[in-house]
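Let me begin by presenting the structure, written as C-alpha cells, before commenting on it.
Since this is a predicted model, take the numbers as computed values, not measurements.
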Amino acid sequence: MDDRYKPQEIEARWQRVWRERDAYRTPDTSDRPKFYCLDFFPYPSGDGLSVGHCRNYVPTDVVSRFQRMRGFNVLHPMGWDAFGLPAENYAIKMGVSPRVTTERNIANYHRQMDLIGLSFDWSREITSCYPDYYRWTQWFFLLMYERGLAYRGTGQQWWCPVDKTILANEQVEQGRCWRCGSEVTKVDLEQWYFRITDYAQRLLDDLATIDWPEKIKLMQTNWIGRSEGAEVEFALPGRSDTLTVFTTRPDTLYGATYMVLAPEHPLVGELTSAERRAAVAAYQDEARRESEIERLSTEKDKTGVFTGAYAVNPVNGEQIPIWISDYVLMGYGTGAIMAVPAHDERDFAFATRFGLPITEVIAPPTGAQGTLSEAYTGDGVMVNSGQFDGLAAPGAAFAAIVARLAERGEARPKVNFKLRDWLLSRQRYWGVPIPIVYCDACGIVPVPAEQLPVLLPELEDYEPTDDARSPLARDPDFVATTCPRCGGPARRETDTMDTFVCSSWYQFRYPSPHDDIAAFDRDAVGYWLPVDLYVGGAEHAVMHLLYSRFFCKVLNDAGYVGFSEPYATLRNQGMILAEDGTKMSKSKGNVVTPDSVVERYGADSLRLYELFIAPFEQSVAWNDRGVQGCLRFLTRFWGFALGVPELERAGTPGAGGAGPVSRGDGADGAGVNDTADGDAVEADALDGDAVEADARRLRRTLHKIVRKVTGDLETFRFNTAVAALMETLNDVLEVWTGRCEQLETAQWREIVETFILLLAPMTPHIAEELWQRLGHDSSVLDAPWPAWDEALAADEVVTVVIQVNGKLRDRLEVPVGAASDDVVALARAAHNTVRFLEGKQIVKEVYVPGKLVNFVVR
RNA sequence: GCCGGAGUGGCGGAACUGGCAGACGCGCCGGACUCAAAAUCCGGUCCCGUUCACGCGGGGUGGGGGUUCAAUUCCCCCCUCCGGCACCA
C-alpha cells in the first residue's frame with residue numbers, strides 16, 4: 001500500500017463507498033434522541049458554490065456528524081429554493097426555460113456539496129419549483145385564506161421598475177430593491193397580503209423563548225417596532241367627524257401648536273380651503289412624483305403647505321392650523337400627527353422653518369427654558385399645562401392626560417407596530433401560481449385543495465411588462481378556467497407568490513418529503529421539529545426568519561403542530577471575503593471555489609481550514625496558504641497514524657511494561673529539554689522517572705483534548721478546537737519522533753484512535769481511511785464519540801506565577817492542592833523574587849490557589 | 001441621526017469566571033536535505049534596551065482617565081471600522 005497522503009484519491013473513494021452504502025440515510029424512526037440540523041434553504045445560482053458558502057455547510061456538517069457519533073438520530077437534509085428571479089431573467093435574455101437552468105444549477109450545487117463531503121440524506125431532497133412541492137405551498141395559501149389571513153388589498157406599494165414587480169416592505173432597503181438595487185417607486189395596486197400584523201405581539205414575545213443571536217432578535221424587535229401611546233381625537237370646527245392622531249407623548253398635548261397630515265391623507269381634499277386648494281394640490285403632486293430616496297432623506301429641509309383648515313386641541317380648546325407635509329407617513333399610525341415643536345425634533349425643524357409657535361410644556365430637571373433653541377425630548381415636569389402642571393412627564397402625566405380625555409371619549413391607550421402586512425403577490429412568471437379564481441358571479445373563489453396544484457405553464461415569452469401584470473396573463477389557456485363554485489366561466493389569478501412563501505415552510509417538509517396526501521406528516525413533524533440547529537447568514541434577519549416564524553404560529557393556531565417556534569437555535573456564520581478583503585464577486589474575478597481548493601489541497605484540508613480560519617460568526621478574508629497549513633497538519637497526522645501499526649508489527653516492547661529502559665544520552669537530553677528550569681525537578685520527583693512522566697503526561701493530554709474538542713464543538717468554537725488538535729499533535733509528535741519506544745504500543749494506539757475519532761466530524765475522509773488502515777471493519781461514521789475521564793485529565797502540577805507589585809518576576813511548579821503557606825513560602829524564596837523583595841517591606845500577600853502569588857511591597 | 005458589534009505582532013486569530021498577553025496557523029529569517037527547485041524537517045520570530053551566553057530589565061492589547069494587589073477582560077470619555085434602521089409621531 002502506498003503510504004503517502006493523497007487526499008483527492010481517498011476522498012473520491014470514500015465518497016463512492018458511502019454513497020453505495022447509503023451511509024447518510026436518516027431512518028424515520030429510531031430509539032435514539034433526534035437532532036434536526038438545517039441550513040438555510042439555498043437558491044441554486046448559476047455561479048455555483050464559493051468557499052464562502054462552505055462556511056455555512058461545513059460547520060453544520062461537522063455538528064451533524066458529531067451528534068451522530070454521540071448517539072443522536074440526525075436529520076441533515078438539503079433542498080432548493082428554486083423559484084426566483086435570476087433564472088427568469090436569464091431565460092428572458094437567453095430564451096432558455098428557467099426550469100432547465102435551475103435543474104442545471106441544482107446538479108452543480110449537488111456535485112459541489114458531494115465534493116466537499118457533506119453528509120446530506122439526499123433521499124429527502126426537495127425542490128420548491130416542482131409541483132409535488134409547490135402544490136403544498138398553494139395549500140398553505142389556502143390555509144391562510146380560510147383563516148382570514150390572506151386578503152386582497154389596495155394601497156400604495158413598492159414597485160421595482162427593473163424587476164418589474166411589487167415588493168414587500170422587508171424587501172426594500174434604503175429605497176432600493178433588495179435584489180437588483182434599483183430605486184423603487186410607489187404605485188397604487190390591488191395586491192395579495194398575509195396578515196402577519198395579527199401576529200406582531202406574539203412574534204415579539206416569543207423571541208424570549210428561542211436561542212438566537214441577540215443581534216437578530218434585536219433586528220426583529222426593531223422591525224416589529226412596538227410603541228405604546230394613545231390615540232387622541234381633534235375636533236374639526238364645522239364638521240361632525242374628527243381627526244385622529246397617534247402619539248407616544250400625550251403628556252405634551254398642551255404643546256401641540258399645529259397638526260400635520262400626510263399628503264395622501266383622505267381628508268386633505270375635504271379640509272383644504274378654497275384659497276389654499278391650488279397650493280395643496282401642487283404639493284401633493286410633487287410628493288407623489290418624488291422618488292422614495294429623496295422623500296426618505298432626513299438631510300433635506302422640511303417642506304409642507306398650510307391647508308387653510310383648523311382643528312381644536314382637546315385639552316385647551318385652542319384652534320391650531322392643519323398643514324400637510326411628506327414627513328408624515330400615511331402608512332403609520334393614522335397618517336396624521338399633532339405637532340409639538342418644543343419636544344419633537346422633526347416638529348421643531350418644521351415649526352422653525354414655517355414660523356409656527358413653539359410652546360414649552362415639559363421643563364427639564366434644570367428648570368424651564370422659556371425660549372428653546374432645540375427640542376427637549378427628555379423627561380421632566382409639566383408646565384404651561386393647566387391643572388396638570390407639576391406632574392412628572394411622561395410617567396404620571398401620560399396616564400393622567402389619557403384618563404382625563406378618555407372620560408369624554410377623546411382619547412384611548414393604543415399600541416402601534418411598524419410591522420406591515422406581508423405583500424406576497426409578484427408580477428413575474430417563475431413562481432408559485434396563487435390558487436385563486438375570479439368569477440363574475442361568485443367573486444374571489446379559492447381553488448379547492450383537492451384540485452391543487454394549479455400548474456405553472458411553460459411559456460414561450462417570459463418578458464415581464466410595465467403594466468404590473470404577470471406574463472401568465474398573456475397565456476389564455478392558463479387564464480381561462482371554470483369557477484369551482486358555480487361552474488361558470490372564470491379567470492385565474494395570474495400573479496405568482498413571493499419565493500419567501502416557499503421557504504417559510506420547507507423545514508416542515510423534510511421529515512416526510514414525499515408525502516402526497518399532506519404538506520407534511522404530523523407525526524413525523526412532531527418527532528423532528530422544532531429544528532435543533534439552524535444556520536445561515538444574518539441577511540435574512542427580517543425576511544425569511546420573520547415570515548417562517550409567522551407560518552409556524554399559524555400552523556400552531558390551526559392545530560397542525562404543537563409548537564410555535566420553528567427554529568430552537570439559530571447561528572449566523574460570518575462572511576468569507578476575498579484575499580484582498582473585499583467581497584467575492586464574479587465581476588471582480590476574485591471568487592475562490594471549493595473545486596479549485598479541493599483540487600490542490602483536498603476536501604478535508606478545505607473543511608479544516610473553513611473551521612480554523614476565524615471564529616464562526618466572524619467575517620474574514622480567505623487565504624489559500626492557510627489551507628496549505630491544514631494540509632501540512634493532516635499529512636503529519638497521517639504519517640504518525642500509519643507509524644503506529646508499523647511499531648506494533650515491529651513488536652518493540654513497550655517501556656512501561658518491560659520495566660524502565662536505560663536510554664543514555666538521548667533520554668537525558670530530552671528530559672532536560674522538557675523540564676528546562678530548576679523548579680521543574682520537583683514535578684519529575686512526583687511522577688517518578690522520566691519515562692513514566694511521558695506516559696502520564698500524554699495520557700493527561702489525551703483526556704484533555706477530548707474534553708476540549710467536545711466542549712468546543714458543542715459551543716460552535718470550531719477554530720479553537722482545531723488549534724487545540726494541532727497543539728496536541730505537536731506535543732504527541734515530540735515524544736513520538738524523539739522517543740517513541742518509551743510508551744507502550746497500546747498507549748500509542750489509544751492516542752491515534754482517539755485522535756481519529758476527534759477528527760472524524762471535521763475531516764471524515766482521512767479519518768475513515770486511517771480507521772480502516774488501523775484494522776477496523778466498521779465505519780468511523782458510526783463509531784462512538786470518545787469519552788474523557790475528569791480525573792485523568794486533571795493536572796498534577798500547576799505553574800504558579802510570582803508577582804511583585806503586580807509585575808511578573810518568577811514561576812513556580814507546585815503540586816495541585818499544595819498548602820497556601822507552603823506555596824507563599826516557596827515563592828518568597830524563589831531566586832528571582834528575592835532580588836525584588838530585598839530591602840522592602842511586604843505589606844500584602846495575595847495568593848490565588850493554583851494561579852499566582854502577588855507580593856505588594858513598599 | 002438612532003441602535004448594535006468590533007479594534008490584540010507583518011497577517012488570521014488565542015487568552016472561557018479580573019490572574020503568565022500573543023496559543024495555533026500563515027508569512028518572514030536562519031539551517032538541514034537536494035545538482036537544483038518544490039515538498040519535508042529543525043531552530044528563531046511583539047517592540048526597545050542589556051548580556052559572550054543562560055538570562056535580565058523596560059514598554060505593550062485603538063487613544064485618554066478610573067476602580068483593583070492585579071485590567072485585553074470591569075467603569076467613564078473620545079477616535080476608527082463594520083452591520084442594521086432611517087422623518088414610525
Out of G25(B), A14(B), C20(B), whichever nucleotide has its closest atom nearest the side chain of Met726(A):
G25(B)

With sugar-phosphate meaning primed atoms plus P, OP1 and OP2, does Asn416(A) contact a base, only sugar-phosphate, or nothing at under 4.0 Å between heavy atoms?
nothing

Any base atoms under 4.0 Å from Thr635(A), or only sugar-phosphate, or nothing? Heavy atoms, all strands.
nothing

Encoded 5' to 3' (Watson-Crick or G-U under 3.5 Å; [ ] crossing; | other strand), RNA chain B becomes (((((((..(((......[....)))((((((.......))))))(((((....)))))..(((((..]....))))))))))))....

Sugar-phosphate only, base, or nothing, as touched by Arg858(A) at under 4.0 Å among non-hydrogen atoms:
nothing

Phe612(A) has a side chain; which of C20(B), C26(B), C24(B) sits nearest to it?
C24(B)

Distance check, C1' atoms only: G84(B) and G30(B), in whole angstrom units.
50 Å

Quick one: what's the B/S/- string for nucleotides 66-77 of chain B, heavy-atom cutoff under 4.0 Å, read 5' to 3'?
---B--------

Considering every strand and a 4.0 Å limit on heavy-atom distances, what is the contact class for Gly225(A): base, sugar-phosphate, or nothing?
nothing

Please work out whether G5(B) sits syn or anti, treating a glycosidic angle within 90° of 0 as syn.
anti

Using ring centroids (six-membered ring only for Trp), state whether Phe350(A) and Phe348(A) fall under 6.0 Å.
no

Once salt bridge (charged side-chain N to carboxylate O under 4.0 Å, His left out) is applied, do any residues pair with Arg717(A), and if so which ones, sequence neighbours excluded?
Asp712(A)

Taking atom P of A89(B) as reference, at what distance in whole Å does atom CD of Glu228(A) sit?
12 Å

Could you go step by step and tell me if Arg697(A) and Asp731(A) meet the salt bridge (Lys or Arg N to Asp or Glu O under 4.0 Å) rule?
CA-CA 10 Å; Arg697(A) 192 167 54 80; Asp731(A) 285 354; 5.2 Å; no

Is there a side-chain contact between Met259(A) and Leu243(A) (heavy atoms, below 4.5 Å)?
yes

Using only side-chain N and O atoms of Arg632(A), determine if any of them is under 4.0 Å from OP1 or OP2 of U40(B).
yes

Could you encode protein contacts along nucleotides 42-49 of chain B as a string, one character per nucleotide from 5' to 3', using B for base contact, S for sugar-phosphate-only contact and - for no contact, with a heavy-atom cut-off of under 4.0 Å?
--------

The criterion is side-chain contact (heavy atoms from CB on, under 4.5 Å); which residues satisfy it with Ala351(A), sequence neighbours excluded?
Tyr258(A), Pro341(A), Leu356(A), Ile358(A)

Give me the distance, rounded to whole Å, that separates C26(B) from A36(B) when you measure between the C1' atoms they each carry.
26 Å

Working note: Asp326(A) + Lys302(A), criterion salt bridge (Lys or Arg N to Asp or Glu O under 4.0 Å); need CA distance, chi angles, decisive distance, verdict.
CA-CA 8 Å; Asp326(A) 61 7; Lys302(A) 293 271 182 289; over 6 Å; no

Just to be sure I understand the rule, does Leu852(A) reach a base, reach only the sugar-phosphate, or reach nothing, if contact means heavy atoms closer than 4.0 Å?
base

Integer angstrom distance from the C1' of G31(B) to that of A21(B)
30 Å

Salt bridge or not for Glu228(A) and Lys414(A), using N-O below 4.0 Å?
no

Is any N or O donor-acceptor pair between the side chain of Lys851(A) and the base of C20(B) shorter than 3.5 Å?
no

With the side chain defined as heavy atoms from C-beta on, Lys708(A) is closest, among G19(B), C16(B), G13(B), to C16(B)

Main chain of Val857(A), side chain of Asn805(A): is a donor-acceptor contact present, judged purely on distance under 3.5 Å?
yes

Quiz: residues 605-615 of chain A side-chain donor-acceptor pairs under 3.5 angstrom, not counting sequence neighbours:
unit_1, atom_1, unit_2, atom_2, d
Ser605(A), OG, Tyr601(A), O, 3.4
Arg607(A), NE, Met762(A), O, 2.7
Arg607(A), NH1, Asp61(A), OD2, 3.0
Arg607(A), NH1, Ile116(A), O, 3.0
Arg607(A), NH1, Gly117(A), O, 3.0
Arg607(A), NH2, Asp61(A), OD2, 2.8
Arg607(A), NH2, Pro761(A), O, 3.0
Tyr609(A), OH, Asn623(A), O, 3.4
Glu610(A), OE1, Arg55(A), N, 3.3

